[in-house]
Amino acid sequence: MKAAATACAAALALPLALVILLAGYNSAAGTDSELAGAPTVEAQRDIPPAYLRWYLDAASTCPGLPWNVLAAIGKIESDHGRSTAPGVHSGQNFAGAGGPMQFLAATWAAYGIDGDHDGRKDRYNPADAIHGAAHYLCANGAGKGGKHIYRAIWQYNHADWYVRKVLAQAALYAAPTATGRGAAAVRAALRWLGTPYSWGGGKPSGPTYGTAQGANTKGFDCSGLTQYAWAQAGIRLPRVAADQYNAGTHIPRPQLQPGDLLFFAANPRNPATIHHVGIYYGRGRMIHAPHTGDVVRISQFTGNLYRERQYIGATRPAPHTAEA
């Protein structure tokens, strides 16, 4: 499956039936995944109404598969079927891929789905192709979240740049469930999924080269990412995680909202031992820069024994706590 991105088409009006359908996806639970929020204005502008319906329907067949990841793949592979590249509407491209989701014949034979129930499995039929892509991603663990989503996308096209491109596009298609400043911070962090971890890297304007083991890597460390994300929401945080812990309103865990900062310490009774911070994304997950050798990613922290043992608390940055 080879990527073939093309220019965006003109805006399309949504029919009443689809507006009603989308009303049922106005929470992050659209496909039981934090990535799968309500379609943004950009999604409704860029994705043809029929395709948007198929992405939502197909993702629902794999609980946990974000509909917007499926849509991002459709965008990159064929611009939602609008591409005139070889193999999109008939035949195959140079790699042997065909259809709007660019399936190889052998892969389609194994994972193809009759998405519109017309009795045929046709990789050139958008409904079939999109449901087939959901089936293939799900078989590779996309419904399990976290690193599984990254790996499933990588299986679709064996390239890290492709995964990063898909995740970046997906972030444009789904609205975070937070509002106001929290939503702005979440959106800002999502733009950098896949960016390398760099010790000492990152500042309010974006990724930077770090220090020590991060000197040759441009990216973010954990507090560099949170400082950047909240700067885009209009709040300047201190640079170090332990200081960020003291620069916000402390929030009880049951009241967490997307955008809140989560802190982890070697000794959860001693804030001086805080060594990690992430951005809450909903349903027990966070966006964070984990450690050297890793990348900015979405990870589970609820139920993760390592994180649970070290969880010390959460804060919600606010203008009156901002650093001058």
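Positions are given from 1, in the same order as the sequence printed here.
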Is any side-chain heavy atom of [Y] closer than 4.5 Å to one of [X]?
X	Y	answer
I312	P271	yes
Y245	H250	yes
P204	R236	yes
V163	R151	no
R187	Q232	no
C62	L137	no

Within 45° cone and under 6.0 Å: R253 NZ/CZ vs Y311 ring: yes

Applying a strict under-4.5 Å side-chain criterion to I, L, V, M, F, W and Y, I'd like to know whether [X] and [Y] cluster together.
X	Y	result
L190	M286	no
Y124	I113	no
I298	L256	no
L193	L70	yes
L172	V166	no

Side chain to side chain contact (heavy atoms under 4.5 Å, CB included) evaluation trace for R120 with N125: CA-CA 9 Å; R120 298 174 62 243; N125 178 321; 5.8 Å; no

Parallel, tilted or perpendicular: which fits the ring planes of [X] and [Y], with parallel below 30° and perpendicular above 60°?
X	Y	value
F301	Y280	perpendicular
F220	Y228	tilted
H80	Y173	tilted

Polar side-chain atom of N68 near backbone of A170 as donor-acceptor pair, under 3.5 Å: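 Side chain of N68 to backbone of A170: a pair is present.
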
With sequence neighbours excluded, residues passing ring-ring contact (aromatic ring centres under 6.0 Å, His included) with Y150: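 So Y150 forms no ring-ring contact (aromatic ring centres under 6.0 Å, His included) with any residue.
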
Ion pair check, D221 and R239, cut-off under 4.0 Å: yes

Salt-bridge contact D114-K121 (side-chain N to carboxylate O under 4.0 Å): no

Pair N267-Q310, side chain to side chain contact (heavy atoms under 4.5 Å, CB included): steps then yes or no: CA-CA 7 Å; N267 179 356; Q310 298 199 341; over 6 Å; no

For residues [X] and [Y], is any side-chain donor paired with an opposing acceptor at under 3.5 Å?
X	Y	result
H288	S299	yes
E77	Y162	yes
T226	Q244	yes

With D294 via salt bridge (Lys or Arg N to Asp or Glu O under 4.0 Å) - residues at least two apart: R297

Residue pairs passing the disulfide (SG to SG under 2.5 Å) test where at least one lies in residues 265-318, sequence neighbours excluded: none

Evaluation steps, side chain to side chain contact (heavy atoms under 4.5 Å, CB included), between Q102 and V88: CA-CA 7 Å; Q102 292 291 275; V88 173; 4.1 Å; yes

Which atom of Y156 lies closest to which atom of A133, heavy atoms considered: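 For Y156 and A133, the tightest heavy-atom pair comes out as OH-CB, 3.8 Å.
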
Test side chain to side chain contact (heavy atoms under 4.5 Å, CB included) applied to Q92 and R123, step by step: CA-CA 11 Å; Q92 300 180 156; R123 60 176 169 164; 2.9 Å; yes

Gap separating the CG atom of N246 from the OG1 atom of T315, nearest 0.5 angstrom: 9.0 Å

